[in-house]
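First comes the structure, then the notes that go with it.
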Amino acid sequence: MTAGPALAVFAAALITLSAQPAAAQPVAALTHAPTSTATLLAPPAIDVNNVKAHLQQLQTIASGNGGNRATGTAGHTASVAYVQQKLQAAGFTVTLQTCTTCNGSAKNVIADWPGGDTNNTYMFGGHLDGVSAGPGINDDGSGTSALLEVALQLAATNPAMAKHVRFGWWAGEEQGLIGSKFYVNSLTSAQRTAIKAYGTFDMISSTNGGYFITGTDAISVKLREYFSSISVPTETSTECCSDDGSFRNAGIPSSLSSTGASYTKTSSQATKWGGTAGSAFDPCYHRACDTYPSNVNTTSLGRYANAIAYAVWNLTTGTAPANDFSVSLSPTAGSVNPGSAVTATVNTATVSGSAQSVSLSASGAPSGVSVGFSPSSVTSGGSSTMTVSTTASAVPGTYTITVTGTGSVTHSATYTLTVNGTGGCTGAGQKLGNAGFESGTTPWTASSGVIAAHTGTGAPRTGTRSAWLLGNGSTSTETLSQTVTLPSGCSSYTLSFYLKITTAETTSTIQYDKLTVQANSTTLQVYSNLNVSGYTLRTFSLSAFAGQTVTIKFTGVEDSSLQTSFVVDDTSLTVA
């Protein structure tokens, strides 16, 4: 990353993995109850050997064309021809879109399967190019081959289509998502609106990999549902980026699935998934050793191929699914002193059918605790602020509050509330060290050059030093973070900082460059090139993290051209 089927009721759908190694257990049945009675078509099992046969062809192409399949080379052209011929022979409508901004005016491959409501299109993609250093088998021959085999199985079974399905193989991903950006920019507003979700699959056979699904779109929901059904846990990836960004920046719900790239597997991840802690998910990432068959994890490749098929069939085939939605909370837990309040965001999403009105309610609150929602009813896809208020007589303890969304069906999520004891607030005060960056970098952890005595664009608000992220005008990721421990029993926990944003981008609608502010894994805010301003005070409540160790992190991601600078100064995390 660069960055004829039989009708079956959903609850009786059986999904098996064929040609898997012993580690990949077959799926007996879905482990959760269905949320609608819509009749769906069961997906076929995807034979991982067929996927590997496509990988062998990509390896042969690379070996015969200078050892790689980079955009603008004969290896990439031959890869395009291979995918195109397979799809056309199967009956797909295939468009080769010349990407005039790509090296050598390389081509995107767009394949539409006939049928289904084109105003409700679900799109699945991966990048067909690799780096010049090697054949690009995991990155991204794996995603390319799994998508191709799922498409061929769709053609072979020829199910009835309720929604439309489209596949895309992108050029120029390794040069900055150029091919997918070109495609998205070529769409009209109506064509973009017709795409209800896009999922990209970039590196799904990492030899030391995990299972990462990043996004909240309908495709990611189905992928997580599949992996849950085979008892394989997933995580959200912190690695960046792939072609999902091109779609997301255009307002299309998107997700990224991967088994990991150059980041290091932690000991907890090794316990969860197996493999080697302390080593990269893909030790051959962007290297000559990214070859077939040595750099292929057959287990994850087979699982992901079947997960893609599950998502394709469940989202697009058979009769139209009933209206359904999901409910989630962020954060999922919080602590509060008696007499005070804590908030969380209730998020809803339309997972099938059309959006619907969802009424919110709560149960499980103890005496002295009340729960309110603003607003109390949302349209699925919207959010509400939940406020948990306590009286001075609220009894200390830990309680589970159930938040229920009621529409055509009901769904719920749980919130863990801790009412603090009467010990009072100890350890109040400013918790960030070197808050104005005046005494070097410690205890901050930052990318090289972020903290310095900057001048010009990066000049500090006060003092002589600041933290300047990005402003490079090229594809880059920079971070700034500090970990602190917050005391419990206090009434307020406030993170604040001054942020200045300047940009050379000319758009007024597309977020090309972003700064994400997080507390642990919770995203507090995302700023972009659309938020240009001088130094402006930004504040956030961190009451939900009382009594916890929390990492405050700023992550800047810049695309391939036109700089955006994010300058941070005068930070504080005040507990009172």
Side-chain angles (χ1 to χ4, degrees), residues 9-11 30-38 40 196-197 213 215-229 233-234 236 253 314-315 320-336 338 340-391 394-419 521-523 541 543-545:
V9 177
F10 182 76
L30 295 178
T31 58
H32 57 279
T35 56
S36 77
T37 58
L40 302 173
K196 301 308 178 186
I213 302 171
T216 58
D217 64 303
I219 291 175
S220 68
V221 169
K222 288 301 175 185
L223 294 172
R224 292 189 182 97
E225 187 176 274
Y226 174 79
F227 280 111
S228 176
S229 76
T234 62
T236 297
N314 275 274
L315 290 171
N323 296 341
D324 200 4
F325 64 93
S326 64
V327 175
S328 62
L329 293 166
S330 179
T332 59
S335 60
V336 63
S340 299
V342 66
T343 63
T345 300
V346 183
N347 297 302
T348 66
T350 302
V351 297
S352 65
S354 302
Q356 60 183 289
S357 178
V358 178
S359 297
L360 301 173
S361 60
S363 59
S367 177
V369 176
S370 61
V371 183
F373 301 93
S374 180
S376 60
S377 180
V378 298
T379 300
S380 56
S383 61
S384 174
T385 298
M386 177 180 75
T387 301
V388 182
S389 302
T390 65
T391 65
V395 178
T398 300
Y399 307 94
T400 298
I401 296 175
T402 300
V403 176
T404 300
T406 303
S408 59
V409 292
T410 61
H411 292 289
S412 61
T414 58
Y415 181 84
T416 301
L417 173 69
T418 299
V419 179
S521 61
T522 299
T523 296
S541 172
S543 296
F545 299 93

Point to revise | Contact summary for G382 and V378, nearest pair of heavy atoms | key: O-CG2, 4.3 Å

Exercise for review: Please tell me if the side chains of V369 and V388 come closer than 4.5 Å, counting only heavy atoms from C-beta onward.
Suggested key: yes

**Study point:** Whether N323 side chain and S354 backbone form a donor-acceptor pair below 3.5 Å
**Key:** yes

Point to revise | Rounded distance [0.5 Å steps], OG1 in T418 versus OH in Y399 | key: 9.5 Å

Check your understanding: Hey, are S543 and S541 close enough side-chain-wise for a donor-acceptor pair under 3.5 Å?
Key -> yes

Check your understanding: Can you tell me how far the NZ atom of K196 sits from the CG atom of L315, to the nearest 0.5 Å?
Key -> 13.0 Å

Review point. Can you check whether S367 reaches V395 side chain to side chain, under 4.5 Å on heavy atoms?
Key: no

Review point. Can you check whether G215's main-chain N or O pairs, donor with acceptor, with S220's side chain at less than 3.5 Å?
Key: yes

Point to revise | Donor-acceptor pair, side chain of S380 and main chain of A349, under 3.5 angstrom | key: no

Practice item. Using only heavy-atom distances, determine whether the side chains of T400 and T414 contain a donor-acceptor pair under 3.5 Å. Key: no

Check your understanding: What pairs with A362 under side chain to side chain contact (heavy atoms under 4.5 Å, CB included), at least two apart in sequence or on another chain?
Key -> V371, F373, I401

**Study point:** pair Y226-N314: side-chain heavy atoms closer than 4.5 Å
**Key:** no

Revision key, fill the gap. d(L360 CG, S383 OG) to nearest 0.5 Å is 10.0 Å

Study note, to complete from the structure: So CG of L223 and OG1 of T234: to nearest 0.5 Å the spacing works out to 9.0 Å

Check your understanding: Are a donor atom and an acceptor atom from the side chains of R224 and S228 found within less than 3.5 Å of each other?
Key -> no

Exercise for review: Taking side chain to side chain contact (heavy atoms under 4.5 Å, CB included) as the test, write out the residues that go with S328, two or more places apart.
Suggested key: N347

Exercise for review: State the CD1-CD1 distance between I219 and I213, to the nearest 0.5 angstrom.
Suggested key: 11.5 Å

Practice item. Name all residues meeting the ring-ring contact (aromatic ring centres under 6.0 Å, His included) criterion together with F227; count only those two or more places apart in sequence or in a different chain, and write none if there are none. Key: Y211, Y304

Review point. So which heavy atom on A544 is nearest to which on A333, and how close?
Key: CB-O, 3.7 Å

Revision key, fill the gap. Residues at least two apart in sequence or cross-chain that pass side chain to side chain donor-acceptor pair (under 3.5 Å) with T391, listed by chain then number, are S393

Point to revise | Which atom of S412 lies closest to which atom of T402, heavy atoms considered | key: CB-CG2, 3.8 Å

Exercise for review: Check side chain to side chain donor-acceptor pair (under 3.5 Å) between S340 and all other residues, then give those that pass, not counting sequence neighbours.
Suggested key: none

**Study point:** Nearest heavy atoms of A355 and T350, plus distance in Å
**Key:** CA-OG1, 3.6 Å

Check your understanding: What heavy-atom pair brings A394 and P338 nearest, and what distance separates the two atoms?
Key -> O-CG, 4.0 Å

Practice item. Applying side chain to side chain contact (heavy atoms under 4.5 Å, CB included), name anything that partners V327, two or more places apart in sequence or on another chain. Key: F325, V346, T348, H411, A413

Review point. At their closest point, which heavy atom of A197 faces which heavy atom of A218, and how far apart are they?
Key: CB-N, 4.2 Å

